[in-house]
Amino acid sequence: MRTVSWHGNKVRLIDQRLLPWKLSYVDLDSHEAVAEAISDMVVRGAPAIGATAAFGMALAARECNAASIADLISWLQAAALRLKAARPTAVNLAWAVDNLMSLAGSSRFRDANGLRAALLERAQHIADEDVRTNRRMGAHGAALLSEGATVLHHCNTGALATVDHGTALGVIRSAHERGVGFHVLLDETRPRLQGSRLSAWELEQLGVSYDIIPDTAAGYFMQHGEINLVLVGADRIAANGDVANKIGTYQVAVLARENDIPFYCVAPTSTIDLELASGAEIPIEQRDRSEVLAPYGQELAPAHYHARNPAFDVTPHRYLSGIVTESGIARAPFESSLRRALAGEAPQE
Ligand code: MRU
């Protein structure tokens, strides 16, 4: 199953808003439609929106019938701005768009059609590479899960949040494929319930043992000795190792420290943003209050009530036991280990 693909000259996405009730696909034929699908969370999850935006750029190049490379590039610049504005926190989106723009800016194309073909080829490569990267992270991280363990997981980080396989849930999947027997507690992840709607849907299909828990129950299970490991994903990681991830991650990290439970983040190196010295600089998306008051249209409180809805929080690096990347597991001091991971080297000396 691929969350994101190129199909009949369109971008094909699983409509994640309809899961777990219905598995259905949408085919998008313009970069504007792709940007809207990202904002509306038809597709969500940092690596998945990166790959989607890459295909969105390939689509943008086909929407414009400019004959000259210069005209095509100025159209692409506008499309890039539109796609990057769709969601601000996950750096994979900007990373993928910038990757295609720098390809467009290289002077190796004879004509505009050559550039169009190269952009599609690069988007396809980004999508394929995401799956290979996730499998490598799965291989590095699987050893963290031991027979009989219980793992706490927050949000959704599986195949749906990536192109396939997943990041933190990918580690869980890799360990399951190795035959390790363990149990997963899934934070339901308010307000959009990625844990109970998406992660549980994935674990059902994989046959992994799980229970959905209210976000507010994580401390209870830790205090009762029922959690041995915490695995989460990331939307952006600053140079010092601070991790922006789905809202609620920070409180899980603090609880894990209080209860002496290892807390690992699993993310590809495309999620690392060395331009930002610390997590304080990461832009945090503020989403509509209707997601809190009436998630998926189900009224929990009157629509005129006041509410706030930050979509992400930042976990300071001191709470992390390590960051599982495709190059290996990076540990403190993260300034150096993350740089090595980004260079494709083993993170620890
Ligand atoms: O708002 P979302 O659902 O797009 O959130 C992104 C995420 O899926 C999580 O924050 C995840 O832990 C990191 S991406 C694998």
Side-chain angles (χ1 to χ4, degrees), residues 3-4 13-17 19 35 37-53 86-96 130-131 133-134 137-138 141 151-173 186-202 215 230-237 242-253 263-273 279 282-288 291-292 295-296 309-315 320 323-326:
T3 305
V4 184
L13 302 173
I14 291 178
D15 189 341
Q16 301 191 30
R17 298 167 306 178
L19 288 170
I38 293 172
S39 302
D40 294 347
M41 292 173 85
V42 172
V43 61
R44 32 66 51 205
I49 61 178
T52 303
R87 291 195 74 191
T89 303
V91 74
N92 307 60
L93 198 167
W95 173 88
D130 180 67
V131 184
T133 295
N134 294 339
M137 289 191 294
V151 188
L152 178 71
H153 174 270
H154 192 70
C155 194
N156 172 265
T157 63
L160 293 166
T162 58
V163 177
D164 200 356
H165 196 75
T167 60
L169 219 59
V171 165
I172 286 169
R173 180 168 170 176
L186 295 173
D187 274 350
E188 58 179 351
T189 318
R190 297 242 166 196
R192 289 197 67 113
L193 301 164
Q194 290 94 332
S196 42
R197 294 173 71 102
L198 305 177
S199 296
W201 183 77
E202 292 198 32
D215 298 332
V230 180
L231 291 178
V232 300
D235 293 88
R236 196 184 296 225
I237 301 173
D242 291 352
V243 168
N245 192 48
K246 180 50 56 192
I247 193 75
T249 302
Y250 171 50
Q251 60 205 38
V252 172
F263 178 97
Y264 283 87
C265 166
V266 186
T269 53
S270 54
T271 303
I272 301 169
D273 186 352
I282 298 176
I284 300 295
E285 178 182 11
Q286 306 290 323
R287 291 188 64 88
D288 199 275
E291 292 184 344
V292 176
Y296 299 97
N309 187 17
F312 302 93
D313 58 28
V314 173
T315 299
L320 293 166
I323 299 175
V324 181
T325 72
E326 68 272 26

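Just so you know, these numbers come straight off a predicted model, no measurement behind them. In listed order, ligands and their atoms are each counted from 1.
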Ligand 1 atoms nearer than 4.0 angstrom to some heavy atom of A234 are 13 (C), 14 (S)

Any salt bridge between D273 and R236, counting N to O under 4.0 Å?
yes

Just let me know how I49 lines up against ligand 1, side chain, backbone, both or neither, with a heavy-atom cut-off below 4.0 Å.
neither

Close side-chain approach of R44 and N156, heavy atoms under 4.5 Å:
yes

Take V230 and Y264 through the side chain to side chain contact (heavy atoms under 4.5 Å, CB included) test and state the conclusion after the steps.
CA-CA 6 Å; V230 180; Y264 283 87; over 6 Å; no

Which of the listed options, D235, T271, T249, holds the heavy atom that is closest to atom 10 (O) of ligand 1?
D235

Do R87 and M41 have side-chain heavy atoms sitting under 4.5 Å apart?
yes

Is any side-chain heavy atom of F312 less than 4.5 Å from a side-chain heavy atom of I282?
no

Please could you name the atoms of ligand 1 that A46 approaches to less than 4.0 Å, counting only its heavy atoms?
14 (S)

Check ligand 1 against R87 and write out every atom of the ligand that is under 4.0 Å from a heavy-atom position of the residue.
1 (O), 2 (P), 4 (O)

Would you say V232 and T157 make side-chain contact, with heavy atoms under 4.5 Å?
no

Side chains of T315 and N245 in contact at under 4.5 Å (non-hydrogen atoms)
no

Using atom types as modelled and distance alone, determine if a side-chain donor or acceptor of H153 lies under 3.5 Å from a backbone N or O of G233.
no

Winner among N245, I247, L198 once heavy atoms are compared against atom 13 (C) of ligand 1
N245

From atom 8 (O) of ligand 1, work out which of M41, Q194, R44 has a heavy atom at the shortest distance.
R44

re atom 5 (O) of ligand 1, the protein heavy-atom contact at minimum distance is K246 CE, 3.2 Å

Within 4.0 Å of some non-hydrogen atom of T167, the atoms of ligand 1 are 15 (C)

Would R192 count as a contact of ligand 1 if the rule is a heavy atom under 4.0 Å away?
no

So is C155 touching ligand 1 or not, going by heavy atoms under 4.0 Å?
yes

